[in-house]
Amino acid sequence: MQLKTQANLLPVRLLPAVSESEEVLPAKSRKRIMPDLLTEPSAPDPLYEANLYCNIPGVAEHSMEGHAPPNFKLLSVQVMIRHGDRYPLYAIPKTKRPDINCVLDPVRNPSHPNLANFISHMTKGSGSQMDGTLSSLPRFPSHSLCEMGELTQTGVVQHLYNGQILRENYLKKHKLLSNDWTAKQLYIESTGKSRTLQSGLALLYSFLPGFDWKKISIRHQWSSIFCSSHCDCPLRNHYLEEEQRRQYSYRIKNVQLEKTYVDMAKVVGVPTRLLRASNPIDSLLCHFCHNVTFPCSKNGCIDIEHFKVIKAHQIEDERERHEKQLYYKYALLATYPLINQTVSRMQRMSEGKKAEVFALYSAHDVTLSPVLSAIGLTEARFPRFGARLVFELWQKTDQEKEHYVRILYNGEDVTFQTSFCREHERRSNQPLCPLSKFVNFVKKGVFSALNSTSYYDACHQRSF
C-alpha cells in the first residue's frame, strides 16, 4: 500500500480559483484539463497520481510532525525538501510555452497569508551570508513569463505552507528554538539553483517569520546528491548507468508509449526522436498542474490521453525500478554522505556535544528519491513538488541516555516502514525507533548490503 497523503483525508481542490485581478479570458482559452478526482482509486491511476505530484496548495494537511508520547523531549529536526512547483526545464518543439506568470502577487491564487510579508522581507536580505553563487541569485521569482526552471508562485506558496506546519509543530508546540535563537543553531544548505534557494527561503520565512538576515548563513552545495567532498564513487556511477539502461530497455518495450510519441510528434510536426528527446512529460505536467490547455497545432492537439499514457508508464517504471534493485544500490552509494551527515549530527546531539538544532537541505527530486530508496521506503511516492522528508531526534525525559528517531514523509510517520526499523517491536513503553538502529544501518548496514566495509571500498570495488 502506498503512503497516504492529504488527498486521502480531505477533498482536493483541483481547480485553483481565479482572482478578481486576473483577466477574464474567453471560455475556450480557459478550458480546464485537470479532472475532478476526490478519492484514491483502487488501482494506480495516472491522473490521480499526477494531481498528487502537483501538490496544489489550499488543502488542510494532516501532519504528524512533532507527535510523540509526553515522556519524550524533541532535541533536533533535520529537513530535506524538494523545491516547489517550477516552470518546465524543457520545451516541446514548435509549441507555445505555457503562459505562466512568475511575478509574485498576494491577491492571485494560490496565495498564503505570509506571501506579502515574504516578498517585502526578501528585498531586505543584503545582510545574509550565502556561499558561492548563491549570493548572486534572486531571492524570489519575478518574471512575468516564467523562465525555464523558475520557481512559480505555487512553488513559493507550497513552502510557505511547509514552513507554517513546521513552525506550528516544532516551535509553538515543542519550543525547539527560543525567541533569541542564534545562527549556530541553524544549518541551511542549498544547491545553486534559484528554485532551491527560493524554496528554502520561503520555508524558512514561515518557520521563522521576520528572521534576522544577519543570523542566516546558507551553504552552497554544488552536487544535486549532496555528496560534498565525497563524490568520487565509480561504482555509484556504474549503477546509475545500469539503471539508465534498464529505463531505456523498459521504455522501448512499451508499444503504446511509442505509438503515443509518434502521434504527438505528428501533432507538433517534428521527428519522433526529437519529440521524445524533449522529455514532453515535463512540459505537460506544467500544463496539467496549472490547468493550462495542452499544446495544439494545425495538425491537432496533444490531449489528456497522450498525457495519461506517458504518466502511466512512469508509474510502471517506478514499480520495475524497485524490483530490479539497481537503483537501490545506486541510492545507497549516492546518499551515504548526506545520510551519514544526518546521523552524525544526531549522535553529537545525543552525546551532549554542540550540534545544530534545525537543519534544512533545499534540494531536488534526484536528491530525495534516492534517500527514500536507501532507507527502505519502497512504497513511497516519487517526490512531489514541495515534498519534505523530516528526521526527528527524541530523548526520553526519565532516561536521558535513551534516544530515538522518527522519520516523516510529507507529514506521514514512516519510521516503521524503513528497512532498519521495520522489524522493531513497537512496545507501549518504546513507541519510537531507537537511534542505535539508525546509526547501525548507516555505519554498518549500508556496507553490508554492498558487500564492503567502508564507503571508499564500496565505491571502488571492481565488481563491474
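Values in this document were obtained by computation on a predicted structure and should not be read as measured data.
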Below 4.5 Å, heavy atoms only, C-beta onward: do I188 and S217 meet side chain to side chain?
no
Listed by chain and number, what are the ring-ring contact (aromatic ring centres under 6.0 Å, His included) partners of F420, not counting sequence neighbours?
F438, F441
Residues, nucleotides or ligands: over 12 heavy atoms within 6.0 Å of Y90 OH:
no
ring-ring contact (aromatic ring centres under 6.0 Å, His included) partners for W222, two or more places apart
none
Going by salt bridge (charged side-chain N to carboxylate O under 4.0 Å, His left out), name the pairs with one or both residues in residues 234-244, residues two or more places apart or in two chains.
E242-R245, E243-R246
Using ring centroids (six-membered ring only for Trp), state whether H112 and F118 fall under 6.0 Å.
no
Answer whether the closest heavy-atom distance between the side chains of R345 and Y187 falls below 4.5 Å.
yes
Cation-pi check, R321 onto Y327 ring (under 6.0 Å, within 45° of axis)
yes
What pairs of residues pass the salt bridge (charged side-chain N to carboxylate O under 4.0 Å, His left out) test when at least one of them lies in residues 169-192, not counting sequence neighbours?
E168-K172
According to disulfide (SG to SG under 2.5 Å), does anything in residues 179-221 pair up with another residue at least two apart or in another chain? List the pairs.
none
So, are D365 and R82 salt-bridged, with charged N and O less than 4.0 Å apart?
yes
With heavy-atom distances below 4.5 Å as the criterion, would you say the side chains of Y330 and L326 are in contact?
no
Is the closest side-chain heavy-atom distance between L75 and W394 below 4.5 Å?
no
Can you list the residues that meet the disulfide bond (SG atoms under 2.5 Å apart) rule with C233, with sequence neighbours excluded?
C459
N/O donor-acceptor pair under 3.5 Å between S199 side chain and G84 backbone
yes
Flag if over 12 foreign heavy atoms under 6.0 Å of NZ, K444:
no
So does D85 get a backbone contact from the side chain of T152, meaning a donor-acceptor N/O pair under 3.5 Å?
yes
